[in-house]
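Please read the structure below before turning to the comments.
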Amino acid sequence: MNHENLHSGKIQKAPESFLSKEGIKMVALEARQGRRDFIRSAFVAAATGAGASAVMAQGNPVPVDGGDPNILNLPDHSKGLGQGVATDGYGKPSKFESNVQRRQSPGLTQTTQSSVSFAPLQSLFGIVTPSGLHFERHHQGWWDVDPSGHRLMLNGSDPSLMKTPKVFTMDEIMRMPCVSRFHFIECGANSGMEWGNVAVPTVQYTHGMISCSEFTGVPLATLLDLCGVDLKQGKYILAEGADGSGMTRTIPIEAAMDDVLVVWGMNGEMLRPENGYPLRLLVPGAQGVSSVKWLRRIEVGDQPYASKDEAVHYIDLMPNGLHRQYASIQECKSVITTPSGGQQLLNKGFYNVSGIAWSGRGTIKRVDVSMDGGKNWREARLEGPILTKAITRFNINWDWDGSPAILQSRAIDSTGYVQPPINMLREVRGTRSIYHNNAIQSWKLDANGEVSNVQVG
Ligand SMILES: Nc1nc2c(c(=O)[nH]1)N[C@H]1C(S)=C(S)[C@@H](COP(=O)(O)O)O[C@H]1N2
Ligand SMILES: [Mo]
């Protein structure tokens, strides 16, 4: 009898024990005889006992030598009847994953409405942030807005800037030709505490104000075209949110006509209320504040608006005392998420060092990783898909010899820009900034395996 091994893609002969009613006994016998593949046979015996399929029976071969003998003790879930389909209608993570949560930083003032929750980057894989773990930033709390009452208005600051201003319902917007794209949203203040040499303990709090999702919506260009925007006079747009924060942001018309989206979908379903349900702006590559949530109005103007969120907030205080304004693009950046601050390596040996990289200007071209604080660098593997203005996952093999180390990652984007060391960035931008820290992050690994946040270079 032949059947397919789904893991190796090879056709294999079924082991004898698969056909045996006395599989478990045979396994024990094989173990005494020191057969290397007895664990696979044990799976076979267990699987047939529980009535499982031959495919499961061909699961991962595990070498026997020194293997955990518990593999031979069948747990209840292999012998009994499982639960029926989940009755709550919307799935939840395993109870064993309940520590994977968005959290408020212990280093920031805890308030109920003007708040931030950080994504648990240390627990995530790949490039997509599960919607329930997307970081949150609210200037005046969030609302679960009724879509049937929600409206979006497009108008000109002067009638000459837009021929036919319009008010859209959600139904009207969702009938339009839509696109789905993966993009990150990163708060301009992500990693902001590090400017002042404050070593925030974990990657959740140093970098957890970035998330990446597949967003679905209509290009803003489609709406602007529909309303007859005058692209000769119209130089900027103002995006306005429907929450009490009076959130308004200026966006250059070139971006508005390029890849800016008016989105309702996030990771295959409607936006979550805390992320702007039912409608938000998404300005790919720009600091998060430009992606106005609960979007209610787009105005076309002929000059920047200098609203409170661009004249008083979201400005960078430079060493010479001047402010840098409208610096909205999130420059190329990366961080190692495993291992990272607060984690502990169990012993020396092999580790898959993993992290994320992104650039507000395009795709990630390369990520280098150093284990000695930036003296030597090795190129990491970039895992696909590599998408523009989205998170890219990188991995690199490492054999830890048990001695202290300093782990760093350095990303290079499609424009050739290289992520800078923190002190190089400080030379240009000083130490008084809050926003736009895209410096290389260093994790110190002690001989006892403890990982902590340090500033190097
Ligand atoms: N209307 C409105 N839009 C908003 C905000 C807000 O408070 N109100 N916060 C902004 C900020 S500062 C950021 S970083 C992002 C955060 O998006 P998220 O909460 O979906 O992660 O939304 C932006 N859009
Ligand atoms: Mo933000």
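Whatever order the structure lists them in is the order used to number ligands and atoms, beginning at 1.
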Taking 4.0 angstrom as the limit and counting only heavy atoms of [X], give me the atoms of ligand 1 inside it, by number and element.
X	value
Asn275	18 (P), 19 (O), 20 (O), 21 (O)
His138	7 (O)
Ser245	8 (N)
Cys187	14 (S)
Ser291	22 (O), 23 (C), 24 (N)
Trp294	1 (N), 2 (C), 8 (N)
Tyr314	12 (S)
Gly241	1 (N)

TODO: For the residue pair Phe215 and His134, categorise the inter-ring angle as parallel (less than 30°), tilted (30 to 60°) or perpendicular (more than 60°).
DONE: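 It falls in the perpendicular class, over 60°.
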Task: Closest to atom 11 (C) of ligand 1 (judged by heavy-atom distance), picking from Val292, Asn190, Val289 - done: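 Closest candidate by heavy-atom distance is Val289.
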- [ ] Between Arg296, His313, Arg280, flag the one that comes closest to atom 17 (O) of ligand 1 by a heavy atom.
- [x]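 Result: the heavy atom closest to atom 17 (O) of ligand 1 is in Arg280.
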Could you find the nearest protein heavy atom to [atom] and give me its residue, atom name and distance?
atom	value
atom 23 (C) of ligand 1	Gly288 O, 3.4 Å
atom 1 (N) of ligand 1	Asp243 OD1, 2.7 Å
atom 3 (N) of ligand 1	Lys293 N, 2.9 Å
atom 9 (N) of ligand 1	Arg137 O, 3.2 Å
atom 7 (O) of ligand 1	His139 N, 2.8 Å

Task: Any Trp142 heavy atom less than 4.0 Å to ligand 1 - done: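 Contact absent.
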Task: Min heavy-atom dist Arg249 to ligand 1 below 4.0 Å - done: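 Judged by the 4.0 Å heavy-atom criterion, Arg249 does not count as contacting ligand 1.
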What I want to find out is whether [X] reaches [Y] closely enough, with some N-O distance under 4.0 Å, to be called a salt bridge.
X	Y	result
Lys235	Asp302	no
Arg393	Glu383	no
Lys95	Glu97	no

TODO: Measure the CD1-CZ distance between Ile173 and Phe168 for me, rounded to the nearest 0.5 Å.
DONE: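 Rounded to the nearest 0.5 Å, the CD1-CZ separation comes out at 6.5 Å.
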TODO: Drop me the distance from Thr206's OG1 to Phe118's CZ, to the nearest 0.5 angstrom.
DONE: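 With rounding to 0.5 Å, OG1 (Thr206) is 9.0 Å from CZ (Phe118).
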Open item on the list: Has Gln140 got a side-chain atom pairing as donor or acceptor with Gly246's backbone, closer than 3.5 angstrom?
Closed with: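 Checking the backbone N and O of Gly246 against the side chain of Gln140, no donor-acceptor pair under 3.5 Å is found.
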Open item on the list: When you measure from the centre of the six-membered ring of Trp195, is the NZ or CZ of Arg426 closer than 6.0 Å and no more than 45° off the axis?
Closed with: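 That pair does not qualify as a cation-pi contact.
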TODO: Check whether NZ of the Lys or CZ of the Arg Arg249 lies under 6.0 Å from the centre of the six-membered ring of Tyr314 and within 45 degrees of that ring's axis.
DONE: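 Pair Arg249/Tyr314 counts as cation-pi.
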Tell me which part of [X] gets within contact of ligand 1: side chain, backbone, both or neither, using heavy atoms under 4.0 Å.
X	result
Gln287	neither
Met247	side chain
Glu186	neither
Tyr277	neither

Open item on the list: Minimum heavy-atom separation for Ser442 and Ile406, please, with both atom names.
Closed with: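 Between these two residues, the closest heavy atoms are CB-CG2, 4.0 Å.
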TODO: Heavy atoms only: give me the nearest Ser117-Arg102 pair and the separation to one decimal.
DONE: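 Distance-wise, the nearest heavy atoms are OG-CD, 3.5 Å.
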TODO: Tell me, yes or no, whether the heavy-atom count around Arg175 atom CZ, taken from other residues, nucleotides or ligands under 6.0 Å, exceeds 12.
DONE: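 Atom CZ in Arg175 is not crowded, with 12 or fewer foreign heavy atoms closer than 6.0 Å.
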- [ ] Report the residue from Arg280, Arg151, Arg297, Lys293 that forms a salt bridge (Lys or Arg N to Asp or Glu O under 4.0 Å) with Glu240.
- [x]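 Among the candidates, only Arg297 passes.
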